[in-house]
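Structure first, commentary second.
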Amino acid sequence: MSSSDAPTTTCQLRILATSDLHAHLAPYDYFADTPSDRVGLLRVASLIRAQRATAKNVLLLDNGDLIQGTPLGDRAAETPIPHPMILAMNALGYDAATVGNHEFNYGLPFLRGIIRQADFPFTVANVAPVTGAPLTPPYVILDRAVVDDNGDAQTVKVGVVGFTPPQIMTWDRGHLLGKITAEDIVETAHRVVPQIKQAGADIIVALCHSGISDLPYETGMENAASHLATVSGLDALVTGHTHLTFPGAKFAMTEGADVADGTLHDVPTVMPGLWGSHLGVIDLTLAKTETGWTRRAHQVSLPSIYARNAEGSVSATVPDAADIADIAQAAHTDTLHYIRGVVGHTSAPLQSYFSLVQPDATVQTVAEAQRAFLQTVLADTPHADLPILSAAAPFKAGARGGSTYYTDIPQGPLATKDIASLYLYPNLLFGVRATGAEIFEWLERAAGLFNQIAQGAIDAPLHDPEFPTYNFDMLLGLTYDIDITVPPRFCNQGMLLNPTARRIYNVHHNGKPVTEDMEFAVATNNYRAEGAGKFPLTFAHPPIYEGSETCRDIVAAYITQSDTFTPTITPTWRIRSIGDTTVTFDTGMGALNHLDQNGNGRISDTGLRENGFARLRLTL
């Protein structure tokens with residue numbers, strides 16, 4: 001019998017992947033202080049064990065953005081104890097992980113400590129030290145004992161390589177500049193993947209903390225997963241960062257994507273949602289050849305920890321894993337005690353249900369706090385005479401976060417959880433100098449949130465669902481109108497789309513028109529000041545203030561400077577009235593409790609409900 005007629009040895013390898021857990025350990029919404037069936041590693045743990053129970057050979061991997069995102073994560077960053085997320089992952093037997101962009105939010109020393117606590121290796125290939133030891137190896141090769149389809153023992157060498165967005169050098173510049181460098185994802189992969197193969201890997205799995213984009217390849221692009229999939233030698237790909245799910249209908253028209261087959265450019269691929277909503281599962285059939293194992297077939301699935309009910313609510317599909325819940329209990333209890341501490345009072349509700357259609361108190365409170373702080377620190381500087389503006393955006397405004405992802409603080413006591421709900425991230429306050437011309441471009445970029453609406457339209461969708469709400473900056477200190485009959489000047493990724501289009505007009509400061517040559521000081525966060533969101537800001541000067549204070553702490557101090565905080569809403573921006581036109585927008589069901597106080601009679605309930613959202617109508 002010839003060698004070609006000999007029976008082929010095959011084995012099955014199941015790859016399980018989490019991504020973008022963002023410190024969601026328990027099934028709990030710490031901002032709302034209520035249980036949640038939509039989040040939590042404790043629930044994912046049950047999915048993991050169910051998947052392990054039906055497979056002989058399993059690898060468990062994490063794709064980054066693990067330690068930041070909830071008050072539990074913030075508490076863990078303050079206390080010198082083993083991180084509760086790492087403790088849980090150690091107990092679950094993770095095999096490897098990569099670092100997401102938010103892993104760098106607390107600085108390199110903290111991140112190195114996290115990596116040391118793990119019983120599994122971290123890997124990231126496109127980050128290198130300027131001096132000193134690498135943060136992680138560029139890749140790891142896992143020698144795994146497996147059982148083949150005949151029941152015999154075999155060994156498979158699995159190469160695991162990680163990638164993170166090179167934009168970390170912008171987003172966490174203060175922590176990283178002069179300490180590490182970050183290279184392009186695809187260029188790094190072309191160099192490193194052959195090295196992994198030469199080092200003996202049978203198959204290679206890429207952990208890519210980067211999203212799937214339809215944009216043409218560009219060196220240094222943030223969402224490069226689809227282009228990474230074209231690099232020869234990859235056998236499986238885990239993506240993330242954008243908090244979406246793949247396979248999924250959203251990517252049905254994406255070049256190179258086959259959502260039925262679960263592949264990007266023929267590479268089996270998963271993107272497992274956000275906060276533990278899904279578990280990525282890639283089943284590979286491997287065949288043994290004279291030179292090692294090779295991928296022969298695959299299946300991809302994406303089980304969820306919850307199911308959507310007919311009326312839009314959700315229910316759990318799996319219980320907590322009891323032993324992991326025991327591990328999490330101390331950190332969960334500590335976090336509850338922390339978030340429930342009363343820090344002040346508010347004389348009126350603070351809610352973000354309408355923050356994408358009109359100015360609202362949650363965004364303005366942040367902007368007011370930032371402006372007051374910057375005014376104080378610039379008082380004795382050469383910039384003291386500049387008029388001060390303040391940029392803020394709605395962080396919790398539904399969208400990809402889901403129908404409960406809103407700030408909803410009732411009148412009365414203010415707790416730490418409420419401050420965290422107003423400002424989610426550990427960003428630092430920065431001050432920048434900007435001309436009127438730069439301000440116009442800033443506002444045009446933010447106005448890309450809105451779809452173009454024709455006069456006379458009936459119930460047209462108001463918002464571009466792909467536009468991140470945290471890029472919808474408003475500038476306190478100005479008044480301006482937004483004409484949504486005009487096409488957006490910039491696409492939702494920040495690139496110039498319609499060079500002659502101008503949506504922003506009637507821009508005034510203290511009642512006087514803003515001209516291109518005017519100069520302002522703008523309070524913002526370090527992300528925006530250092531280029532996050534690809535805002536077309538060409539500041540002629542470096543930041544005029546680089547703070548070490550977090551915006552959240554500044555907001556807390558501002559709110560608690562008096563016994564009772566009185567929220568205010570300034571008519572900063574408005575959508576230009578079109579006439580004979582209606583649009584719709586989706587928001588949380590809690591908005592129905594505030595309809596009478598919002599919209600000046602122009603907002604009404606359509607009665608439509610979808611995925612837990614209420615669809616409201618705005619008459620323009």
Side-chain angles (χ1 to χ4, degrees), residues 23 61-68 73-74 76-83 85-87 89-90 94-142 159-196 198-199 201 206-210 219-220 222 224 241 426-428 430 526-527 529-532 542-543 546-548 550:
L61 309 172
D62 184 75
N63 194 44
D65 274 8
L66 170 68
I67 60 174
Q68 179 278 334
D74 292 336
E78 296 172 357
T79 51
I81 60 173
H83 199 289
M85 295 296 289
I86 298 296
L87 287 175
M89 293 171 74
N90 286 343
Y94 272 75
D95 292 280
T98 194
V99 291
N101 53 291
H102 282 288
E103 260 67 70
F104 296 93
N105 287 170
Y106 302 115
L108 285 174
F110 182 77
L111 178 53
R112 290 184 186 277
I114 291 293
I115 292 170
R116 287 194 297 269
Q117 291 172 23
D119 294 341
F120 50 89
F122 279 80
T123 168
V124 61
N126 66 320
V127 171
V130 173
T131 60
L135 180 66
T136 74
Y139 61 87
V140 294
I141 296 181
L142 307 175
V160 180
V161 57
F163 303 95
T164 202
Q167 284 73 19
I168 59 172
M169 299 306 300
T170 295
W171 298 334
D172 275 304
R173 176 177 176 269
H175 288 311
L176 306 181
L177 189 63
K179 299 174 183 176
I180 64 169
T181 60
E183 301 174 341
D184 176 75
I185 290 173
V186 178
E187 291 176 0
T188 302
H190 277 297
R191 184 183 73 252
V192 172
V193 170
Q195 296 174 5
I196 304 172
Q198 291 169 7
L207 298 177
C208 181
H209 191 84
S210 178
T219 300
E222 177 181 349
H241 183 54
N427 298 341
L428 304 178
F430 271 40
N526 61 301
Y527 265 44
E530 294 171 347
E546 297 184 52
S548 58
T550 69

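The residues of the chain are indexed from 1 along the displayed sequence.
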Exercise. Measure the spacing between OG1 of T181 and CG of N126 and express it to the nearest 0.5 Å.
Key: 9.0 Å

Exercise. Using modelled atom types only, decide if a donor and an acceptor are shared between the side chain of T136 and the backbone of V124 within a distance under 3.5 Å.
Key: yes

Practice problem: Answer whether the closest heavy-atom distance between the side chains of L135 and I180 falls below 4.5 Å. | Solution: no

Exercise. Would you check if the side chain of E103 reaches a backbone N or O of I67 as a donor-acceptor pair within less than 3.5 Å?
Key: yes

Quiz prompt | Short side-chain donor-acceptor distance under 3.5 Å, D65 and H241 | solution = no

Quiz item: How many angstroms lie between CE in M89 and CG in D95, if you round to the nearest 0.5 Å?
Solution: 10.5 Å

Quiz item: Considering all heavy atoms of both residues, which atom of T188 and which atom of A125 are nearest to each other, and what is their separation?
Solution: CG2-O, 3.5 Å

Self-check item: D184: partners by salt bridge (charged side-chain N to carboxylate O under 4.0 Å, His left out), with sequence neighbours left out
Solution: none

Quiz item: Between CG of L176 and NZ of K179, what distance do you get to the nearest 0.5 Å?
Solution: 7.5 Å

Practice problem: Look at the aromatic rings of F120 and F122 and report parallel, tilted or perpendicular, splitting at 30° and 60°. | Solution: tilted

Quiz item: Any donor and acceptor pair, going by atom type alone, linking the side chain of N526 with main-chain N or O of L428 inside 3.5 Å?
Solution: yes

Exercise. Give, for atom CG of D172 and atom CG of L111, the distance between the pair rounded to the nearest 0.5 Å.
Key: 10.5 Å

Quiz item: What closest approach, in Å, do W171 and Y527 show between heavy atoms, and which atom pair accounts for it?
Solution: O-CE1, 2.9 Å

Quiz item: Is a donor on one side and an acceptor on the other found under 3.5 Å between the side chain of E546 and the backbone of F430?
Solution: no

Quiz item: Going by heavy atoms in the side chains, are N101 and Q167 under 4.5 Å from each other?
Solution: no

Exercise. Report the distance from atom OG1 of T170 to atom CD of E222, rounding to the nearest 0.5 Å.
Key: 10.0 Å

Quiz prompt | Shortest non-hydrogen separation from V140 to P121 and the atoms involved | solution = CG1-CB, 3.9 Å

Quiz item: Is the shortest heavy-atom distance from the side chain of H209 to the side chain of V99 under 4.5 Å?
Solution: no

Quiz item: Would you say the side-chain atoms of T98 pair up with the backbone N or O of N63, donor to acceptor, closer than 3.5 Å?
Solution: no

Self-check item: Closest heavy-atom pair and its distance - I141, A201
Solution: CD1-N, 4.1 Å

Self-check item: Residue pair V127 / I168, side-chain heavy-atom distance below 4.5 Å
Solution: yes

Quiz prompt | 4.5 Å side-chain heavy-atom contact, Y94 and I86 | solution = no

Self-check item: Polar side-chain atom of T550 near backbone of N427 as donor-acceptor pair, under 3.5 Å
Solution: no

Quiz item: Can you tell me how far OH of Y106 sits from NE2 of H83, rounded to the nearest 0.5 angstrom?
Solution: 7.0 Å

Self-check item: Heavy-atom closest contact (P138 atom, V161 atom, distance)
Solution: O-CG2, 3.4 Å

Quiz item: Considering all heavy atoms of both residues, which atom of E183 and which atom of P166 are nearest to each other, and what is their separation?
Solution: O-CB, 3.7 Å

